[in-house]
Number of protein chains: 2
Amino acid sequence: MDPAPHPLGPRALARQRTMARIVELGNTQLIEQGVAGLSVREIARGLGMVSSAIYRYVGSRDELLTLLIVDAFADLADSVDAAVSAAGTSEGGDPRARFLALGDAMCAWAIAHPERWTLLYGTPVRDYAAPADTTNADGTRVMQAVLHIAADAAEQGSIGRGAASGSEDLAPEVTSLLESHLAEFGVETAPATEFAALTAWSSLVGVISAHVFGQLGADAAAIGEHILRPQVRMLADLVAPR
Amino acid sequence: MDPAPHPLGPRALARQRTMARIVELGNTQLIEQGVAGLSVREIARGLGMVSSAIYRYVGSRDELLTLLIVDAFADLADSVDAAVSAAGTSEGGDPRARFLALGDAMCAWAIAHPERWTLLYGTPVRDYAAPADTTNADGTRVMQAVLHIAADAAEQGSIGRGAASGSEDLAPEVTSLLESHLAEFGVETAPATEFAALTAWSSLVGVISAHVFGQLGADAAAIGEHILRPQVRMLADLVAPR
DNA sequence: TCAAGTCAAGAGCACTGCTCTCGAAATGTG
DNA sequence: CACATTTCGAGAGCAGTGCTCTTGACTTGA
């Protein structure tokens, strides 16, 4: 980011440049061959070094995956944030419009980067998955954005018209977990509102994954965008009904 | 299934018994090691034969996966069907109650068989995924159940109160695809209703996957069932509001 | 009885992730 | 400046994978 805060020796600089090349090569490999075809050795070849040498940088295949995951999370969150703030100042603005912008941006990103989406929301890496400390920071940004939108919508009194089904009978352990999240994220709203946000977000991911993973059949995949748009509008009712 | 329709020589019988053992071994392997740890060679060892011999039966690893996928789809659909019909005759009965039964059964199955759920709704097998002809039969059963419920609910006039956001502006190509589905499944209802059913189903899958894949964090995973129950009730509003 | 088929075994190829050791180069320090 | 330390790439190698090909024993239907 900044060229001269700590001098940062040329050694460390070269290192972080190879690291950058690694995620770059990893991403192209991901795009071309899918997550299953991601090979540490192949990346080493791309870097022009022998297979064993790359373990100075990544340590294990799972670590490489984690690298690509945080990269993808950040990229996704960036485009979503951009779209949301374009749909109104992040504090003000119509909550529903902001949710639609968020959902549409998510769809667009997923369609543009299906393999990366798969990496994020497909089968998790067994017993590794998300070393929470590393991924959470960027991994929860979209969810937090949904939460803010839902909170604003609730404040404007648009929640509770019927979308709140189920949130009235939350178990106490759920409520307390939600409250701890709210405190952590610094959002002041009812647990039921966060619950709606959580559900809307999970549903959004599900609807998008159904498209990216081709679960609706080949015919549906061809017109995926036309299906996703109204689905996003439907899910908007969960947090910000008209 | 049946012991004496066509005589079915002892040769073919032995063959289909080994096939059964293969999916049995595959499932235990799946449960214990996850989909990534599924190995053709290991199954061969379990069968007491050398690694190359098993290729007389499966042909490729992807074929083995497909075998396990159709098995899991059938199992899931069976338990869902059982739960739904227990909640009222499949034709009559309160649609909302039936949807809740369906959703809860899906959650229960997923929690009981997380690795098999992952196989069904996690990362698809690249360029193989669902050889439609083989998987579709059982793969769409749950979706069809949701569709029937939604159709019944629509007939009783409970749809359209607000849950139908988005389904009013369906693109013509989407409408025609939905109509062809309806014809194929033999269900008579409005495309908008099927659209709601489709969205509810995808959302359900998303909400469950979020839990199974641990996307909500370790704390949430511990109390997953308490989270899923109200989420199912929330999604019920999409097809059968109270 | 005899040809046709089924099936398991064995050897082997190309590939993977990963570990170890070794020598060269860059690095910071007395 | 010289020296000890760390960093890094190369090479060899291990255990494992999916998959193919060939060979020989066995069962089967004509």
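Residue numbers start from 1 in every chain, and the chains themselves are labelled A, B, ... in the order their sequence lines are given, proteins ahead of strands. The figures that follow rest on heavy atoms only: side chains count, while hydrogens, waters and symmetry mates do not.
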Value in whole Å for how far the P atom of C:dC7 lies from CZ of B:R21
17 Å
Under the rule for salt bridge (charged side-chain N to carboxylate O under 4.0 Å, His left out), what residues qualify as partners of B:D104, not counting sequence neighbours?
B:R229, B:R233
Round to the nearest Å and state the distance from B:R15 atom CZ to D:dT28 atom P.
14 Å
Nearest-Å distance for atom pair CZ/P, residues B:R56 and D:dT23
14 Å
Within residues 27-36 of chain B, find the residues that approach DNA chain D with a heavy atom at under 4.0 Å, and present them sorted by residue number.
none
Return the polar atom pairs (N/O with N/O) between nucleotides 15-19 of chain C and the protein under 3.5 Å, or none.
unit_1 : atom_1 : unit_2 : atom_2 : d
C:dT16 : OP1    : A:S39  : OG     : 3.3
C:dT16 : OP1    : A:R45  : NH2    : 3.3
C:dT16 : OP2    : A:R45  : NH2    : 3.3
C:dG17 : OP1    : A:V40  : N      : 2.8
C:dG17 : OP2    : A:S39  : OG     : 3.4
C:dG17 : OP2    : A:V40  : N      : 3.4
C:dG17 : OP2    : A:R41  : N      : 3.2
C:dG17 : N7     : A:R41  : NH1    : 2.2
C:dG17 : O6     : A:R41  : NH1    : 3.1
C:dC18 : OP2    : A:Y55  : OH     : 3.4
C:dC18 : OP2    : A:R61  : N      : 2.7
C:dC18 : N4     : A:R41  : NH1    : 3.3

Is the number of heavy atoms from other residues, nucleotides or ligands within 6.0 Å of CD (B:E225) greater than 12?
no
Report the distance from atom CD of B:Q16 to atom P of C:dC7, rounded to the nearest whole Å.
13 Å
Of all the heavy-atom pairs spanning B:S202 and A:A210, show the shortest one and how long it is.
OG-CB, 3.8 Å
Enter the inter-axis angle for the ends of the helix from C:dT1-D:dA30 to C:dG30-D:dC1 (five pairs per end, rounded to 10°).
0°
Atom of A:L178, atom of A:E194 and distance for their closest heavy-atom approach
O-OE1, 2.8 Å
What is the distance, rounded to the nearest whole Å, between atom CG of B:L65 and atom C1' of D:dG18?
12 Å
Let me have the donor-acceptor pairs involving side chains of residues 47-55 of chain A, under 3.5 Å, with sequence neighbours excluded, atom names and distances please.
none

Non-hydrogen side-chain atoms of B:I227 and A:F195 separated by less than 4.5 Å
yes
Rounded interatomic separation in angstrom, taking CE from A:M49 and C1' from D:dT7
13 Å
Separation of D:dC8 atom P from A:L13 atom CG, nearest Å, is 13 Å
Find the distance B:I43:CD1 to D:dT17:C1' and express it as a whole number of Å.
14 Å
Which heavy atom in B:E63 sits nearest to a heavy atom in B:Y57, and how many Å separate them?
OE2-O, 4.2 Å
Where B:V146 and B:A197 come nearest, the two heavy atoms and their spacing:
CG1-O, 3.6 Å
Which residues satisfy the salt bridge (charged side-chain N to carboxylate O under 4.0 Å, His left out) test with A:R141, sequence neighbours excluded?
A:D78, A:D81, A:D138
Atom of B:W117, atom of B:F213 and distance for their closest heavy-atom approach
CD1-CE2, 4.2 Å
Do B:L216 and B:H211 make a side-chain contact, defined as non-hydrogen atoms from C-beta onward lying under 4.5 Å apart?
no
